[in-house]
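What follows is one structure encoded as structure tokens, with my remarks underneath.
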Amino acid sequence: YSFLNIIVIEEPSLVLKLFNASRISFILSLLVACISFITIFMFKKLNLQIALCSVCLIILFAQFTVLLIEVFSNFETPNFLITNVMPFISMLLLILSIKGIKKDKKLLSSYDRIR
């Protein structure tokens with residue numbers, strides 16, 4: 001999300017700005033990416049995977065709040081970019097993944113009952 005706004009060249013002054021998105025948002029998106037990468041390899045520990053997805057969801061909610069504050073802090077016309085919508089889409093996908101993990105957990109527990 002914030003990775004898409006890393007380098008911006010301003011036309012009037014030709015100043016190169018690194019990390020156009022706020023540093024807080026950038027750090028939160030890095031944290032979400034790292035936790036998500038770790039979560040992928042926790043497929044044998046479903047409870048831990050659900051917990052990590054929940055932590056990731058909370059961090060994404062914080063990032064979405066920071067982005068909303070940034071967008072509406074300009075008293076001029078707000079800039080709505082696709083990068084500002086990405087945390088919301090990620091939150092929806094995380095909710096779907098938590099539901100899928102719970103479904104897998106229920107399926108595995110039903111196989112244990114059959115034995």
Side-chain angles (χ1 to χ4, degrees):
Y1 348 141
S2 300
F3 301 116
L4 300 176
N5 281 341
I6 290 180
I7 298 175
V8 173
I9 298 176
E10 290 184 2
E11 293 294 327
S13 61
L14 293 175
V15 175
L16 183 68
K17 289 173 62 175
L18 291 175
F19 306 117
N20 186 28
S22 76
R23 293 180 195 274
I24 296 172
S25 178
F26 184 73
I27 290 170
L28 288 176
S29 63
L30 272 176
L31 191 61
V32 166
C34 291
I35 292 174
S36 297
F37 186 72
I38 292 169
T39 305
I40 291 171
F41 298 106
M42 295 292 173
F43 56 88
K44 289 188 178 181
K45 301 175 183 177
L46 295 178
N47 290 333
L48 181 62
Q49 196 175 24
I50 290 172
L52 286 175
C53 283
S54 300
V55 167
C56 210
L57 192 64
I58 292 169
I59 294 170
L60 274 172
F61 183 73
Q63 183 184 8
F64 188 67
T65 322
V66 166
L67 285 174
L68 280 178
I69 291 170
E70 283 179 10
V71 166
F72 290 113
S73 66
N74 294 339
F75 293 110
E76 303 161 359
T77 57
N79 295 330
F80 290 103
L81 301 172
I82 188 67
T83 56
N84 296 341
V85 181
M86 289 299 215
F88 182 70
I89 294 170
S90 297
M91 283 191 290
L92 291 176
L93 292 175
L94 265 173
I95 290 170
L96 289 174
S97 67
I98 290 173
K99 285 184 180 181
I101 294 168
K102 286 181 180 179
K103 186 177 175 183
D104 288 345
K105 187 177 173 183
K106 184 177 178 182
L107 181 70
L108 286 173
S109 67
S110 73
Y111 284 141
D112 287 339
R113 275 186 249 142
I114 292 175
R115 290 185 204 178

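Along the sequence shown, residues carry numbers from 1. Heavy-atom basis, side chains included; hydrogens, waters and symmetry copies ignored.
- When each of L60, V55, L30 is paired with I35, the side-chain contact (heavy atoms from CB on, under 4.5 Å) condition holds for V55 and for no other.
- Contact check for L31 versus I27: no side-chain heavy atoms found under the 4.5 Å cut-off.
- Taking the side-chain contact (heavy atoms from CB on, under 4.5 Å) definition, one finds that I40 meets it with nothing, sequence neighbours left out.
- Counting heavy atoms from C-beta outward, Q63 and I24 have side chains that stay 4.5 Å or more apart.
- Taking CG from L107 and OG from S109, the interatomic distance works out to 8.0 Å, rounded to the nearest 0.5 Å.
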- [ ] Could you walk me through whether V32 and L28 pass the side-chain contact (heavy atoms from CB on, under 4.5 Å) test, one step at a time?
- [x] CA-CA 6 Å; V32 166; L28 288 176; 5.5 Å; no
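- Taken together through direct or relayed side-chain contacts under 4.5 Å among Ile, Leu, Val, Met, Phe, Trp and Tyr, I98 and I58 form parts of separate hydrophobic clusters.
- For S97, the side-chain contact (heavy atoms from CB on, under 4.5 Å) test picks out C53, L94, with sequence neighbours left out.
- Under the side-chain contact (heavy atoms from CB on, under 4.5 Å) criterion, I95 pairs with L57, K99, sequence neighbours left out.
- Rounding to the nearest 0.5 angstrom, the gap separating the NZ atom in K105 from the CD atom in Q49 is 11.0 Å.
- Summarising the geometry, atom CG belonging to L93 is positioned 11.0 Å from atom CE belonging to M91; distances are rounded to the nearest 0.5 Å.
- Between N47 atom CG and L52 atom CG the span is 11.0 Å, to the nearest 0.5 Å.
- Here ring-ring contact (aromatic ring centres under 6.0 Å, His included) pairs that include residues 40-60, with residues two or more places apart or in two chains, are F37-F41.
- Sorted pairs that involve residues 33-46 and meet side chain to side chain donor-acceptor pair (under 3.5 Å), not counting sequence neighbours, are lacking altogether.
- Every side-chain contact (heavy atoms from CB on, under 4.5 Å) that L92 has, sequence neighbours left out, goes to F88.
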